[in-house]
Amino acid sequence: MATDAPEAPVALVTGSSSGIGQTVAQRLAAEGYRVVVNSARSVEDGEKTAAALPDALYVRADVSEEADARRLVDTAVEHYGRLDVLVNNAGRTRAIPHADLAAATPEVWREILGLNVIGTWQTTVAAMPHLARSGNGSVVNVSSIAGSRPAGSSIPYAVSKAAIEHMTRLLANTVGPAVRVNAVAPGLIETPWTQNSDFFAPIAEHVRQTTPLRRTGRPEDVAEAVLGLVRATYTTGQVLLVDGGAHLL
Ligand SMILES: NC(=O)c1ccc[n+]([C@@H]2O[C@H](COP(=O)([O-])OP(=O)(O)OC[C@H]3O[C@@H](n4cnc5c(N)ncnc54)[C@H](OP(=O)(O)O)[C@@H]3O)[C@@H](O)[C@H]2O)c1
């Protein structure tokens, strides 16, 4: 039966079997988006995440591999016929004290930049023609407070997030007016990445004691900011800190 209801928009969230990406996927679905859930390894968690949403698709793909990033986007568009929002959330780090320069080997640099920077880039490149056709296309990159402060789990990680923030501005200046590009920069968020971690436990305590909002963040806090940027139709090239005010310390 023909219907006049507008077709629901489609969002692709990389690294959405867990943590921030999973909550962003759930939040976008609750707002009426058809969502593509993705992970590289945790297939069962990704499939479960997608199955719990009204009209979602799970696609296993390692976005640090160019062919996988392209296949992820192509599969999303083949399945739904459109792409409106890309959230580049998949990321990785290694906990390396900044003073231990030798531990941040070229291999560590390649691994972290390969996913955080090149993965973000190649997924965005693959998605751009589809986002440009959307009429309301937007990209939200997931950076970190480490992208603008001399902090973070390792120097390669912090540098990768600084690169994502500048990539956000450069792309915003390039792909408008068809597509907006923004980023969120979370502070310490409670996810599998940070919970039960000897590295993050003392930082979490410091955040609870000293930051203006006196708590660590929840994935929902970041999802709210991502949704805000998706809806902010006159905003592009912005990096929104979601850190409980930690940057003010
Ligand atoms: N948690 C924090 O405090 C915090 C703070 C600032 C920024 N961030 C950023 O937020 C993002 C998500 O972090 P999180 O804490 O939510 O971590 P998480 O719970 O560990 O989730 C990471 C997600 O990314 C997926 N992933 C990893 N490598 C991938 C790849 N090569 N291709 C596709 N998916 C991949 C993971 O699944 P598989 O491993 O199964 O592939 C998982 O779904 C990251 O970019 C991180 O830098 C987090």
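Small disclaimer: the values here were computed from a predicted structure and weren't measured.
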Side chains of [X] and [Y]: does their closest heavy-atom pair fall under 4.5 Å?
{"X": "R133", "Y": "L83", "result": "no"}
{"X": "D243", "Y": "T211", "result": "no"}
{"X": "V142", "Y": "V87", "result": "yes"}
{"X": "P212", "Y": "L248", "result": "yes"}
{"X": "L57", "Y": "V37", "result": "no"}
{"X": "M128", "Y": "V175", "result": "yes"}
{"X": "V10", "Y": "Y33", "result": "no"}
{"X": "T123", "Y": "T14", "result": "yes"}

When clusters are formed by joining ILVMFWY residues with side-chain heavy atoms under 4.5 Å apart, either directly or through shared neighbours, do [X] and [Y] land in the same one?
{"X": "V242", "Y": "V85", "answer": "yes"}
{"X": "W109", "Y": "I118", "answer": "no"}
{"X": "V222", "Y": "F200", "answer": "no"}
{"X": "V184", "Y": "L241", "answer": "no"}
{"X": "L28", "Y": "V36", "answer": "no"}

Which heavy-atom pair separates [X] from [Y] by the least distance, and what is that distance?
{"X": "A151", "Y": "A158", "result": "O-CB, 3.4 Å"}
{"X": "E165", "Y": "S143", "result": "OE2-OG, 2.7 Å"}
{"X": "V35", "Y": "Y80", "result": "O-OH, 3.8 Å"}
{"X": "V239", "Y": "A185", "result": "CG1-CB, 3.9 Å"}
{"X": "A172", "Y": "V181", "result": "CB-O, 3.7 Å"}
{"X": "V117", "Y": "A163", "result": "CG2-CB, 3.8 Å"}

Between [X] (side chain) and [Y] (backbone), is there a donor-acceptor pair under 3.5 Å?
{"X": "R149", "Y": "H247", "value": "yes"}
{"X": "S134", "Y": "H130", "value": "no"}
{"X": "R27", "Y": "L227", "value": "no"}
{"X": "N38", "Y": "A61", "value": "yes"}
{"X": "R71", "Y": "E66", "value": "no"}
{"X": "T120", "Y": "N88", "value": "no"}
{"X": "R60", "Y": "V43", "value": "no"}
{"X": "S154", "Y": "R94", "value": "yes"}
{"X": "H206", "Y": "A201", "value": "no"}
{"X": "N182", "Y": "G237", "value": "yes"}

Please report the interatomic distance [atom1]([X]) to [atom2]([Y]), rounded to the nearest 0.5 Å.
{"X": "R34", "Y": "D55", "atom1": "CZ", "atom2": "CG", "result": "6.0 Å"}
{"X": "T75", "Y": "R70", "atom1": "OG1", "atom2": "CZ", "result": "12.0 Å"}
{"X": "I20", "Y": "Q22", "atom1": "CD1", "atom2": "CD", "result": "11.5 Å"}
{"X": "S64", "Y": "L113", "atom1": "OG", "atom2": "CG", "result": "11.5 Å"}
{"X": "L72", "Y": "Q122", "atom1": "CG", "atom2": "CD", "result": "11.0 Å"}
{"X": "E220", "Y": "I189", "atom1": "CD", "atom2": "CD1", "result": "10.0 Å"}

* Begin from the C-alpha positions of S39 and Y58 and carry the test side chain to side chain donor-acceptor pair (under 3.5 Å) through to its verdict. => CA-CA 8 Å; S39 65; Y58 171 73; 2.8 Å; yes

* From the options V13, N141, L131, V179, select the one residue that forms a side chain to side chain contact (heavy atoms under 4.5 Å, CB included) with L86. => L131

Is the [atom1] atom of [X] crowded by more than 12 outside heavy atoms at less than 6.0 Å?
{"X": "W121", "atom1": "CH2", "value": "no"}
{"X": "E44", "atom1": "CD", "value": "no"}
{"X": "D100", "atom1": "CG", "value": "yes"}

* R215 and V207: CA distance, side-chain angles, deciding distance, side chain to side chain contact (heavy atoms under 4.5 Å, CB included) verdict -> CA-CA 6 Å; R215 66 173 176 85; V207 165; over 6 Å; no

* Applying side-chain hydrogen bond (donor to acceptor under 3.5 Å, both in side chains) between T93 and each of S160, S153, S144, report the one that passes. => S153

* How far apart are the C-alpha atoms of I96 and V108, what are their side-chain angles, what is the distance that settles it, and do they pass the side chain to side chain contact (heavy atoms under 4.5 Å, CB included) test? -> CA-CA 10 Å; I96 300 173; V108 169; 3.9 Å; yes

* For the pair D74 and E78, evaluate side chain to side chain contact (heavy atoms under 4.5 Å, CB included) and give the outcome as yes or no after the intermediate values. => CA-CA 6 Å; D74 288 349; E78 273 161 29; 4.1 Å; yes

